[in-house]
Amino acid sequence: MNQQLKPASRLSVVFILVVVLSGSILTYFSINNISNQKVLTEKRILEEQRELSVRYSEVLEKQIENVIAGFTNEISPVNLLKDSLVKKATETDFIIHPFILNNNGDFIYPNFRGIPENIHIQKVSGRFKSAFSEGEKAEFAENNWPAARENYLQCLRVSTGKYDSAKALNALGRISIKLKEVENAIQKYNAICLNYSDVPDENGIPYVYYALPRLLKITAAGSEKQLSVFEFCLEHMEKGIIPLNFNTEELVAQIVEWVQRMQLNNPERKSQIIQLGDNIRKQLDFINNFKDELPKLVANEGINNRFPVANGFKIINPLPENEQECFFISTEFATPAGFLINRKKLLETVLHPDLQNGFEFDYAVEFPTRYSPVTTGQNLIYSSQLSPYFPEQTIQIKPGNENLISDLIQRRSWIYGISTVLLLVAMVLGVVLIVRDIAREKRVAQLQSDFISNVTHELKTPLTSISMFAESMLLKRVKKESDKDEYLSIILKESDRLKRMINNILEFSKMEKGKSEYHFADTNLASILKAAIGELNYWFDTDGFEVLTELDNQISANVDFEKMKQVFENLLNNAIKYSPQTKKITIRLYVNTDKIRIEIEDRGIGIPEKELSHIFEKFYRINQKESISGTGLGLTVVKEIVEAHDGEIIVTSKVGEGSKFSIILKRQTELE
Ligand code: ADP
């Protein structure tokens, strides 16, 4: 026994060693692979970040080039330059404002005249002069307004240029109001607005700045015609034809308010006028913020933070205490000109998702303003200078998923972990199956060897009686005729027993080879049972069995007569063998719920419950007293034959009380 166990346990040990060894190697490589993966991924991320940073810088440079392109150095008429700058600004989202200065550092665009320095000495004729002073005398000293009006009308008649015409019209407007001739006043002031909008008075203030406030007052109920006059003035202010000054903001606000009060059929027109007001306000804001600073920036060539781009443009950046904005200034036009740029917006235009196409990972991009050197560290943040024009501007690129590496490692660890565990489980399962197989083989080998000694013994017993009785007969030792008959019947019965045993062995061997042959025919089952009982009658009689039969003689089934007889003989033979005390056997044949049942019940030793599942196994015998002979094949053959008939065999048993074997066959069996 021990010797048989050894190879199996040795094999298991080898197998387990193989499992442990390969498992460990696998785990080692998995861990190695994971750390390699980490390094490779970090490298890949860094490469992608570098590439992305280059792409962003390139796009930014293109954007900058777009702003400064399209101008030629020949743009010398200020109007042409202004138009091209304004056009560029409206096309480009991140341009806050265009500007043009003259070479003295004064603003040409936006056209702002704060406190005029060079007051224009207006030339007027002597006739105009005397008529005007007459008018003023009548108006202010004598309060004789009709006389004043006459004089001013005279002025208008003799005026030869735009200055005197505007001056006369302005005085006429004023006196018309005093005379309560509103229509006249409106007409005069409108004439100033439409024809002399940019003409300044002796103080340098354009006449429209007098005309417009008055018009707003006397034309409270707005007409469409009046609206056109206001719109005309706003357009001229926006275009820089009417210079802006410190009064513009309030005046524009009043005009917008006047327009908003109007009931207009065309709402679009209203919003266009409001938009004009906004644009003028923007120009004023720009002037407010930069009227001192910008001329200094233009003049002060030496300062450090200016970076030449192309077309004579330089980027001045960042503005003191203003990191959001910067200037693009060119000094290569006839006069200095350029743009105020929203730096933040400019950078944001670069943030196009397409730039990340073709990358393995997603990245979050930021533009911190303080320069920090190129870094990449634990947190995989990559920073570098974004563009040579913005040396302090950093681009910071980090993976969209901050836990990218740890997630990756975790995922890999899971995959490796699970596959290693699965492999180990499979290997262990293999070991278990092999050990089980070995154990089963061992048991079969044991049973087989028991079988051989059993069979030898089983064959010997009937042969001994046969030869003994035959010899006695031959030597004429038996005198009485009745004894002779008895001896002969013993010889016959013993050879029957021998035949049954050999039949079982033969059937089993055919079964094993898969060569059992069946000859099915519609057969009366009671007749088979009776034949089987007949075969064993001798033993029933000699052992004194009480055999009860409850047979339904009508039941037929499609069965192999000989095979079924073998089944019943085996079961009856067992009932005889395993009933040493109460010798009572009941045989039943009946139909129950469409099934045919054949029961062979004894009052013998019974079968322990744990053995019930084994008794049909080949060579299996319950450990019992030597006296009960057998091969362990009877029930194996029974089960095989019953199943070949598409039937079922059930055993119920209680130790010391007896056993009942029930064969259940289908009623309408259609077996081939
Ligand atoms: P055997 O040649 O040993 O009878 P079987 O295959 O016919 O072989 O039976 C297997 C075992 O089942 C027997 O060894 C016996 O212990 C048990 N057995 C079979 N029939 C009965 C029965 N009617 N009563 C008690 N035990 C039985």
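Numbers here simply count residues along the sequence, with the first being 1. Atoms within each ligand, like the ligands themselves, are counted from 1 in listed order. Here the structure is a predicted model, which is why all the values come from computation and not from measurement.
- The part of D602 lying near ligand 1 is the side chain, judged by heavy-atom distances below 4.0 Å.
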task = Tell me, with the steps shown, if E507 and S516 meet side-chain hydrogen bond (donor to acceptor under 3.5 Å, both in side chains).
result = CA-CA 7 Å; E507 182 59 36; S516 294; 3.1 Å; yes
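- For H645 and F520, the ring centers sit closer than 6.0 Å to each other.
- Heavy-atom proximity to G634, at under 4.0 Å, picks out these atoms of ligand 1: 5 (P), 6 (O), 7 (O).
- Atom numbering of ligand 1 starts at 1 in the shown order; those under 4.0 Å from a heavy atom of I607 are 25 (C), 26 (N), 27 (C).
- Ligand 1 lies less than 4.0 angstrom from a heavy atom belonging to S659.
- Heavy-atom separations between K577 and ligand 1 include at least one value shorter than 4.0 Å.
- Look at K484 and E481 and you find a salt bridge, because one of the NZ, NE, NH1 or NH2 atoms lies within 4.0 Å of a carboxylate O, short of that distance.
- Cation-pi geometry between K398 and Y382 is not satisfied (NZ or CZ under 6.0 Å from the ring centre, within 45° of the ring normal).
- Remark: aromatic rings of F619 and F508 are close, center separation under 6.0 Å.
- Close approach of ligand 1 to I615 (heavy-atom distance below 4.0 Å) involves ligand atoms 10 (C), 12 (O).
- Between atom 25 (C) of ligand 1 and the options Y578, F661, Y620, the minimum heavy-atom separation is to Y578.
- For the pair L635 and ligand 1, the shortest N or O to N or O distance falls below 3.5 Å.
- Residue contacts with ligand 1: T636 is placed with no nitrogen or oxygen under 3.5 Å of a nitrogen or oxygen of the ligand (distance criterion only).
- Annotation: cation-pi geometry satisfied between R55 and F359 (NZ/CZ under 6.0 angstrom from ring centroid, within 45° of ring axis).
- Taking only nitrogen or oxygen atoms, main chain and side chain alike, G630 does not reach within less than 3.5 Å of ligand 1.
- Taking a 6.0 Å sphere around OH of Y590, one finds it holds more than 12 heavy atoms contributed by other residues, nucleotides or ligands.
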